[in-house]
Amino acid sequence: QVQLVQSGGGLVQAGGSLRLSCTASGRTFSSYAMGWFRQAPGEEREFVAIISGSGGFTYYADSVKGRFTISRPNPKNTVYLQMNSLKPEDTAVYYCAARTGNYASITNSEYPYWGQGTQVTVSS
C-alpha cells in the first residue's frame with residue numbers, strides 16, 4: 001500500500017512555469033512506477049507523463065513533449081512534474097498515480113494508487 005500526497009499547482013499566465021510534487025509514503029518508493037495524468041472539465045482523464053520505478057524510462061504525451069519533465073530523484077520518495085511554457089489548454093486537475101513494479105503504463109486504469117489531485121490554471 002502506498003499513499004500519495006500532491007503539492008504545487010495554482011494559477012499562472014501563459015508561458016509561465018509550475019512544478020508539481022507527489023510524495024509517497026508506505027513501501028519502498030522505487031518499487032513503484034509513477035505517472036502524471038490530468039483531467040479538464042468535461043473531458044476524460046488523460047496521460048501526461050510516466051516514469052519507471054528505476055527512473056530510467058520516461059515517456060510523454062505529444063501535447064507536453066519538450067515542455068514538461070517528469071523526474072524522481074531517488075531515494076527521495078517524491079516524483080516531480082516540471083511544467084514550462086504553459087498554455088491555456090494545459091488547464092486541468094493534475095493527478096499523480098503509482099503502480100507496483102518497474103513498468104510504467106500510459107493507461108490510467110492500470111494505476112491503483114492516486115494522489116488527491118491539484119488544480120493547474122493557465123490564463124491567456
Side-chain angles (χ1 to χ4, degrees):
Q1 189 79 9
V2 63
Q3 293 79 43
L4 304 176
V5 178
Q6 296 179 222
S7 60
L11 173 64
V12 65
Q13 289 188 330
S17 298
L18 286 172
R19 188 176 78 163
L20 305 183
S21 301
C22 175
T23 300
S25 60
R27 291 181 57 190
T28 304
F29 186 53
S30 60
S31 301
Y32 295 90
M34 304 293 295
W36 285 99
F37 296 80
R38 67 187 182 187
Q39 188 167 19
E43 302 289 331
E44 297 284 323
R45 190 169 298 187
E46 65 176 3
F47 136 77
V48 174
I50 57 173
I51 188 166
S52 61
S54 67
F57 173 80
T58 59
Y59 187 68
Y60 299 89
D62 287 343
S63 58
V64 307
K65 200 172 296 182
R67 300 188 297 122
F68 290 12
T69 303
I70 188 171
S71 63
R72 58 185 306 168
N74 288 332
K76 289 184 179 180
N77 288 356
T78 301
V79 63
Y80 300 100
L81 185 68
Q82 178 66 43
M83 305 184 293
N84 298 328
S85 302
L86 282 160
K87 304 175 181 180
E89 51 263 44
D90 294 318
T91 296
V93 177
Y94 283 70
Y95 298 89
C96 65
R99 68 189 306 268
T100 304
N102 190 55
Y103 171 73
S105 170
I106 65 171
T107 304
N108 59 29
S109 62
E110 295 189 11
Y111 289 82
Y113 308 111
W114 290 85
Q116 80 275 19
T118 186
Q119 178 70 46
V120 171
T121 303
V122 184
S123 63
S124 58

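- Side-chain atoms of Q6 come within 3.5 Å of backbone atoms of G117 as a donor-acceptor pair (strictly under, hydrogens ignored).
- By the 6.0 Å and 45° rule, R99 does not stack over the aromatic ring of Y32.
- Aromatic ring centroids of F57 and Y103 lie 6.0 Å or more apart.
- Judged purely by atom type and a 3.5 angstrom limit, Y60 uses its side chain to pair as donor or acceptor with the backbone of I70.
- Within the 3.5 Å criterion, the main-chain N or O of V120 finds no donor-acceptor partner in the side chain of R38.
- One finds the CZ atom of R72 at 8.0 Å from the OG atom of S54 (value rounded to the nearest 0.5 Å).
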Between T91 and Q119, does the side-chain contact (heavy atoms from CB on, under 4.5 Å) criterion hold? Intermediate values first, please. CA-CA 8 Å; T91 296; Q119 178 70 46; 4.0 Å; yes
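- Side-chain N/O atoms of S123 and Q13 include no donor and acceptor closer than 3.5 Å.
- Ion pair D62/K65 flagged as a salt bridge, since at least one NZ, NE, NH1 or NH2 atom sits closer than 4.0 Å to an Asp/Glu carboxylate oxygen.
- A donor-acceptor contact closer than 3.5 angstrom is absent between the side chains of N77 and T23.
- Using a 3.5 Å distance cut-off with no hydrogens or angles, the side chains of T78 and S21 do not pair a donor with an acceptor.
- Of the possible polar contacts, one joining the R67 side chain to the S85 backbone as a donor-acceptor pair under 3.5 Å is found.
- Aromatic pair F37/Y111: centroids less than 6.0 angstrom apart.
- Side-chain heavy atoms closer than 4.5 Å link hydrophobic residues (I, L, V, M, F, W, Y) into clusters, and following such links, even through other members, never connects V64 to Y95.
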Residue pair Y59, F47: steps toward the side-chain contact (heavy atoms from CB on, under 4.5 Å) verdict: CA-CA 10 Å; Y59 187 68; F47 136 77; 3.4 Å; yes
Decide yes or no on side-chain contact (heavy atoms from CB on, under 4.5 Å) for V93 and T118, but give the supporting numbers first. CA-CA 5 Å; V93 177; T118 186; 5.9 Å; no
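- Within the 4.5 Å cutoff, no side-chain heavy atoms of I50 are placed close to those of T58.
- Counting heavy atoms from C-beta on, the side chains of R45 and W114 come closer than 4.5 Å.
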I would like to know whether E110 and S105 meet side-chain hydrogen bond (donor to acceptor under 3.5 Å, both in side chains); could you show each step before the answer? CA-CA 7 Å; E110 295 189 11; S105 170; 3.0 Å; yes
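- A distance-only check finds a donor-acceptor pair linking the side chain of N102 to the backbone of G53 [under 3.5 Å].
- Between the OG atom in S63 and the CG atom in D90 there is a gap of 7.0 Å [rounded to 0.5 Å].
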